[in-house]
**Student:** 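Dropping a structure here in structure tokens format, bear with me for questions.
Model, not experiment: these values are computed from the prediction. Because only heavy atoms are used, hydrogens play no part in the values below, and waters and symmetry mates are left out as well, while side chains stay in.
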Amino acid sequence: MNMETLCWTRNGYTIRLAKEADAENYYLQNYNPLNKEVAYLTGCKEHFTRKEVNSFFLKSIKDNDRFHFLIISPDNRIIGECVINEIDYKIKSANFRIGIFQITEQGKGLGTWAAETMRDFAFEILKLHRLSLNVFSFNKRAEKCYLKAGFKREGVLRDAVINGNEYADDILMSILESEWTEIKKKTSV
């Protein structure tokens with residue numbers, strides 16, 4: 001399969017692999033500045049320089065143990081990303097993360113669609129055995145999205161992050177190939 005042609009669409013939205021030509025729009029449309037709530041929910045800093053973002057983006061799309069997908073709106077704006085990284089082909093395992101950068105695009109089911117799409121890509125195309133992720137306990141919407149996509153809680157790093165002045169948990173979740181197979185059986189009926 002030609003990875004460059006991978007593309008999924010739903011209701012005018014598209015998920016496709018990131019390309020070098022996307023670097024400037026990725027920065028301008030999402031990191032200039034990064035939405036405060038998005039930074040808070042993902043645990044990253046609010047301010048990045050153009051050089052930081054472009055350098056990271058270009059390095060990411062060339063990395064052999066990573067697939068960096070963009071979520072594109074019907075009006076052709078980059079509104080989010082899905083990343084499968086830390087791929088270990090020997091044990092068939094990888095990490096997953098998603099971010100919807102534009103608050104106006106949240107609550108439309110895009111996160112669940114993206115999580116399900118990347119889950120299917122991980123097991124159908126990459127032939128993985130396990131896909132895992134971390135989500136902060138105060139990001140209830142993201143945890144709900146991952147549960148809906150079939151991920152299961154497997155552990156909690158208690159008080160592992162700071163949420164303002166209070167500690168919060170880092171929740172470990174994963175889905176195994178056998179669990180994905182069961183989901184696909186149920187949805188194909």
**Student:** Please identify which of these residues, L126, I125, V83, N85, meets the side-chain contact (heavy atoms from CB on, under 4.5 Å) condition with F67.
**Tutor:**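 Among L126, I125, V83, N85, the one that satisfies the side-chain contact (heavy atoms from CB on, under 4.5 Å) with F67 is L126.
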**Student:** With heavy-atom distances below 4.5 Å as the criterion, would you say the side chains of I72 and I79 are in contact?
**Tutor:** no
**Student:** Run through E179, E154, K152 and flag the one making a side chain to side chain donor-acceptor pair (under 3.5 Å) with S174.
**Tutor:** E154
**Student:** Kindly work out whether a path of hydrophobic side-chain contacts (I/L/V/M/F/W/Y, heavy atoms less than 4.5 Å apart) joins L17 to I78.
**Tutor:** no
**Student:** Of the non-hydrogen atoms in Y146 and A115, which two are nearest, and what is the gap between them?
**Tutor:**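 Between these two residues, the closest heavy atoms are CD2-CB, 4.4 Å.
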**Student:** Which heavy atom in A94 sits nearest to a heavy atom in I84, and how many Å separate them?
**Tutor:** CB-CG2, 3.7 Å
**Student:** List the steps, then state whether side chain to side chain donor-acceptor pair (under 3.5 Å) holds for Y27 with E52.
**Tutor:** CA-CA 9 Å; Y27 169 74; E52 284 176 310; over 6 Å; no
**Student:** Just how far is it from atom CZ of R130 to atom CZ of F123, taken to the nearest 0.5 Å?
**Tutor:** 9.5 Å
**Student:** Do L70 and I15 have side chains that approach each other closer than 4.5 Å (heavy atoms only, starting at C-beta)?
**Tutor:** no
**Student:** Would you say I171 and R153 make side-chain contact, with heavy atoms under 4.5 Å?
**Tutor:** yes
**Student:** Going from CZ on F121 to CG on L131, what distance comes out if it is rounded to the nearest 0.5 angstrom?
**Tutor:**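 The CG atom of L131 is 10.5 Å from CZ of F121, to the nearest 0.5 Å.
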**Student:** Of all heavy-atom pairs between R158 and D169, which one has the smallest distance, and what is that distance?
**Tutor:**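 Heavy atoms only, the tightest pair is CA-OD1, 3.2 Å.
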**Student:** I need the S132 OG to N95 CG distance, nearest 0.5 Å.
**Tutor:**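 Going from OG on S132 over to CG on N95, the span is 5.0 Å.
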**Student:** For S73 and Y13, which heavy atoms make the closest approach, and how far apart are they?
**Tutor:** CA-CD2, 3.6 Å
**Student:** Under 4.0 Å between a side-chain nitrogen and a carboxylate oxygen: does that hold for R66 and E86?
**Tutor:** no
**Student:** Is a side-chain N or O of S188 found less than 3.5 angstrom from the main chain of K185, in a donor-acceptor match?
**Tutor:** yes
**Student:** Would you say the side-chain atoms of D63 pair up with the backbone N or O of D65, donor to acceptor, closer than 3.5 Å?
**Tutor:** yes
**Student:** Do F136 and E143 touch side chain to side chain, with heavy atoms closer than 4.5 Å?
**Tutor:** no
**Student:** Quick one: do Y26 and L28 end up in the same hydrophobic cluster if we chain Ile, Leu, Val, Met, Phe, Trp and Tyr together by side-chain heavy atoms under 4.5 Å apart?
**Tutor:**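 Yes, Y26 connects to L28 through the hydrophobic network.
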**Student:** For the OH atom on Y89, are there more than 12 heavy atoms of other groups (residues, nucleotides or ligands in this structure) within a distance under 6.0 Å?
**Tutor:**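 Yes - once you tally the heavy atoms of other residues, nucleotides and ligands closer than 6.0 Å, there are more than 12.
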**Student:** Among pairs that include at least one residue of residues 98-108, which meet salt bridge (charged side-chain N to carboxylate O under 4.0 Å, His left out), considering only residues two or more places apart or in two chains?
**Tutor:**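 Matches after skipping sequence neighbours: R77-E105, E105-K108.
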**Student:** Would F69 and W8 count as a close aromatic pair, with their ring centres under 6.0 Å?
**Tutor:** yes
**Student:** According to a 4.5 Å side-chain heavy-atom criterion applied to Ile, Leu, Val, Met, Phe, Trp and Tyr, with indirect links allowed, do W180 and W113 form part of one hydrophobic cluster?
**Tutor:**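 Same hydrophobic cluster.
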**Student:** Would you sort out whether I91 and H129 count as a side-chain contact (heavy atoms from CB on, under 4.5 Å), showing the intermediate values?
**Tutor:** CA-CA 8 Å; I91 62 171; H129 173 71; over 6 Å; no
**Student:** What's the verdict on salt bridge (charged side-chain N to carboxylate O under 4.0 Å, His left out) for K184 and D120, showing C-alpha distance, side-chain angles and the deciding distance?
**Tutor:** CA-CA 9 Å; K184 295 311 274 184; D120 292 351; 3.0 Å; yes
**Student:** Can you tell me how far CZ of F48 sits from OG of S55, rounded to the nearest 0.5 angstrom?
**Tutor:** 12.5 Å
**Student:** What's the spacing between F96 CZ and F151 CZ if we round to 0.5 Å?
**Tutor:**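 Reported to 0.5 Å precision, the distance equals 5.5 Å.
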**Student:** Tell me yes or no: between the side chains of Q102 and N30, is some donor less than 3.5 Å from an acceptor?
**Tutor:**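 Yes, side-chain donor-acceptor contact under 3.5 Å.
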**Student:** Let's go through R16 and L6 carefully: what are the C-alpha distance in whole Å and the side-chain angles of both, what is the deciding distance for side-chain contact (heavy atoms from CB on, under 4.5 Å) to 0.1 Å, and is it a yes or a no?
**Tutor:** CA-CA 6 Å; R16 65 161 174 78; L6 285 175; over 6 Å; no
**Student:** Determine, stepwise, if the pair H68 / F57 fulfils ring-ring contact (aromatic ring centres under 6.0 Å, His included).
**Tutor:** CA-CA 9 Å; H68 193 147; F57 183 84; 5.4 Å; yes
**Student:** Show your working on salt bridge (charged side-chain N to carboxylate O under 4.0 Å, His left out) between K92 and E177 and close with a plain yes or no.
**Tutor:** CA-CA 10 Å; K92 299 181 177 183; E177 182 181 16; over 6 Å; no
**Student:** Treating N35 as the side-chain partner and V38 as the backbone partner, does any N or O pair qualify as donor plus acceptor under 3.5 Å?
**Tutor:** yes
**Student:** Can you establish whether the number of heavy atoms outside D75 located under 6.0 Å from its atom CG is more than 12?
**Tutor:**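 Atom CG in D75 is packed in, count exceeds 12.
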**Student:** Same cluster for I61 and F56 if Ile/Leu/Val/Met/Phe/Trp/Tyr side chains link at under 4.5 Å?
**Tutor:** no
**Student:** Between A149 and R119, which heavy-atom pair has the shortest distance, and what is it?
**Tutor:**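 Closest pair (atom of A149, atom of R119, distance): O-NH1, 2.7 Å.
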**Student:** Given E20 and L58, is the side-chain contact (heavy atoms from CB on, under 4.5 Å) satisfied, shown in steps?
**Tutor:** CA-CA 6 Å; E20 279 187 41; L58 294 171; 3.8 Å; yes
**Student:** Is atom CD of E37 surrounded by more than 12 heavy atoms (other residues, nucleotides or ligands) closer than 6.0 Å?
**Tutor:**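 Buried by this count: over 12 neighbours within 6.0 Å.
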**Student:** Can you tell if the side chain of E81 reaches within under 4.5 Å of the side chain of I71, non-hydrogen atoms only?
**Tutor:** no
**Student:** According to a hydrophobic-cluster definition based on side-chain heavy atoms being under 4.5 Å apart (Ile, Leu, Val, Met, Phe, Trp, Tyr only), do L147 and L110 belong together?
**Tutor:** yes
**Student:** I want to check something: taking the side chain as every heavy atom from C-beta on, are F101 and L34 in contact at a cut-off of under 4.5 Å?
**Tutor:** yes
**Student:** Taking all heavy atoms of A114 and all of C82, pick out the closest pair and write down the distance.
**Tutor:** CB-SG, 3.6 Å
**Student:** Could you tell me whether the side chain of V135 reaches within less than 4.5 Å of the side chain of M173, counting heavy atoms only?
**Tutor:**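 In contact.
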**Student:** Please identify which of these residues, K51, K19, R50, meets the salt bridge (Lys or Arg N to Asp or Glu O under 4.0 Å) condition with E24.
**Tutor:** R50
**Student:** When rounded to the nearest 0.5 angstrom, what is the spacing between CG in N76 and CD in Q29?
**Tutor:** 8.0 Å
